[in-house]
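Per chain, numbering begins at 1; letters A, B, ... match sequence-line order.
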Amino acid sequence: MLLDFHKLGAWKWLLSGICALMTLFLLMPILFIIALSFGDSRWLIFPPPGWTLKWYEELFADPRWIGAALTSAKIATIVMVLSVALGLLVSLALVRGKFRGRAVLRAFFLTPMVLPVIIVAVALYAAFLRLGLNGTLVGFVIAHLIVALPFSVITISGALETFDPAIEDAAILCGASPWEARFRVTLPAISHGLFSAAIFSFLISWDEVVLAIFMASPGLQTLPVKVWTTLRQDLTPVIAAASTLLVVLTVLLMIVAALIRKGKSR
Amino acid sequence: MTTPYLHINGIRKVFGEVVATDHVELSIAEGEFMTFLGPSGSGKSTTLYILAGFQDPSAGDITIRGKSILSTPSHKRNIGMVFQRYTLFPHLSVGENVAFPLRVRRMGKSEVDARVKRALKLVRLEGFEDRMPAKMSGGQQQRVALARALVYDPPVLLMDEPLSALDKKLREEIQFEIRRIHQETGVTILYVTHDQEEALRLSDRIAIFNKGKIEQVGTGPELYANPATHFVADFIGDSAFLAGELASVSGERAALRFADGTTVAAVPLHGSGRAGQAAELMLRPERIELATEPGPEGASLPVTVEDMTFLGNNTTLAARTPWGAALSVRLNFGHPLAANVARGDRLHIRWSPEAAHAFVRG
Ligand SMILES: Nc1ncnc2c1ncn2[C@@H]1O[C@H](COP(=O)(O)OP(=O)(O)O)[C@@H](O)[C@H]1O
Ligand SMILES: [Mg+2]
């Protein structure tokens, strides 16, 4: 290869240095927040003068924070299940179907990815006003499903495309009914795609804030919305603690997703 | 006549404008190894897929022991199949792949274990139960696929070019295994290939497919010695074709005349023809003899030697007829002429009258 890393000589060190700086730059705000969540300064002084867990205690003692976290988890879980189920059906149609306009339909399913989220939010808000869905769980789920579904469609179609339909035919000749073949052979064979889709759908809903702000009502808000509203009223380190928990769950799920991808390539 | 075991009765399949198979008619005996041989796109796979139930014929019927199978869905036909592509279930081990047909049949555990073991032994892969398909070579994967297709003792086994992705040496090795397995199990096999050597090596009988139709059915030697059509003659074995016209026809024999007026007499004629029709003379290279004198009965032609190539067990001559048609002639090693033939020599090719065939063109 022309640009073989090991043959770059002194450039190697420069490139490594740039990479390290970039990583640090990207991680800095997160590390900063994590440090602050354990700092004992009420005024978010950095570096913290001392260390404490009291912000976490305060967080867990406050039913509004717990409620927001549970709401987030509930919405994300429902979105995850629906996104994978619909993503699977859509992918089956897009990959296996032989009808005209497949390419157009595929592009259509991916538009929420490129459309500015704020436009989706405003449009949904206007539509939901008529339907009375603003501030409801159903409204939240629909809104998040719209942005999560394209990721499901991409990952599941990708897995399905590398799966030879002749394998399903083989299962059928072995005596499995078409549905049995799909459940016992096709689904397990593309399970890495289904798991990735599930994790990404969960995460998209879990840390989505723009749509959530539009959908939220005083009685129903997700964790990111709670962080956002609290931030505007009063700058307390509890926010840092809540943010840290958000980050921890996200990182954990990303690690799981990476492990699944690695297991598949093995 | 008794009812044939498996009967493909006038199967026709149309895809839009394309006629994939047209009135395919074939009877197969129980335990027979029948091969569909033909060029790519000639309708072999389509016929097999209709048997498997993946496609419905536009017309015709398929019967096993006189009963139509067309209304039975694929998964209830109890037919085994090995595909051209690798179709092992990627998430299951070799043992679980082979056990799959038994599990969907709700067979008991001890029975499953015993059968899986027996099937893997049959394809000489004992002890591979725990391997994952991705960790096996192409040849091994196709052998597992064969074990999976045989483990439930299907009466009929379909194979659609199962070895076409493998290299020559491995292919020959597995062909040998397939023959042995056929003999050991007695299963009726329908095998698709476009490789004539593979067909000749494996089959009891061969059906030659061309453009969706069966041109001829017969054993390898029958097809070789007595091709019914130009296509079959061309497809099985290499042969020389010389274009001319029918000079006269009497019964099953014809005389042919070539461009410069040269004639050959008493050639077995395939199909019917009249004097004056365009026709071709077909000769198998190993039935041609090279000599300094013309042969009796007009079964010979003068040729001029243009080039010689020594190929070990034979010397191949590039020769030309008086009217300019090219022809290749083989001289076995040790043939008296082989040592002293030279470019420009005028010689004669001769054959025994039954060794030539005349085909009317068009
Ligand atoms: N599903 C299909 N749709 C349209 N045309 C097809 C389909 N399957 C086969 N054909 C056509 O039917 C003809 C025979 O194909 P096939 O049976 O696969 O040939 P073979 O197996 O002898 O190579 C070909 O012209 C092929 O293009
Ligand atoms: Mg084919």
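Remark: A/R182 CZ is packed, more than 12 non-hydrogen atoms of other residues, nucleotides or ligands lying under 6.0 Å away. Applying the 6.0 Å contact sphere to CZ of A/F25 captures no more than 12 heavy atoms from other residues, nucleotides or ligands. The environment of B/Y152 atom OH is dense: over 12 non-hydrogen atoms of other residues, nucleotides or ligands sit within 6.0 angstrom. The 12-atom threshold is not exceeded at NZ of B/K121, counting heavy atoms of other residues, nucleotides or ligands nearer than 6.0 Å. Heavy atoms of other residues, nucleotides or ligands lying less than 6.0 angstrom from CZ of B/F33 number more than 12.
Heavy atoms closer than 4.5 Å to chain B are found in the side chain of A/D164, but not in its backbone. Proximity to chain B is absent for every atom of A/A181, based on heavy atoms less than 4.5 angstrom apart. With a 4.5 angstrom heavy-atom cutoff, B/L92 does not touch chain A via any of its atoms.
Atom SG of A/C174 and atom CD1 of B/I79 lie 12.5 Å apart (nearest 0.5 Å). Between the NE2 atom in B/H91 and the CD1 atom in A/I190 there is a gap of 11.0 Å [rounded to 0.5 Å].
Across B/R148 and A/A170, no two heavy atoms sit closer than the pair NH2-CB, 3.4 Å. The shortest heavy-atom contact between A/A176 and B/H75 is O-CB, 3.1 Å. The heavy-atom pair separating B/V104 from A/R184 by the smallest distance is CG1-NH1, 3.9 Å. Nearest approach of A/L173 to B/S74, heavy atoms of both residues: CD2-O, 3.8 Å.
Contacts with chain A were tallied for B/F83, B/F54, B/F100; B/F54 has the most, counting heavy-atom pairs under 4.5 Å. Most heavy-atom pairs under 4.5 Å with chain A, from the set B/Q84, B/R103, B/R105: that is B/R105.
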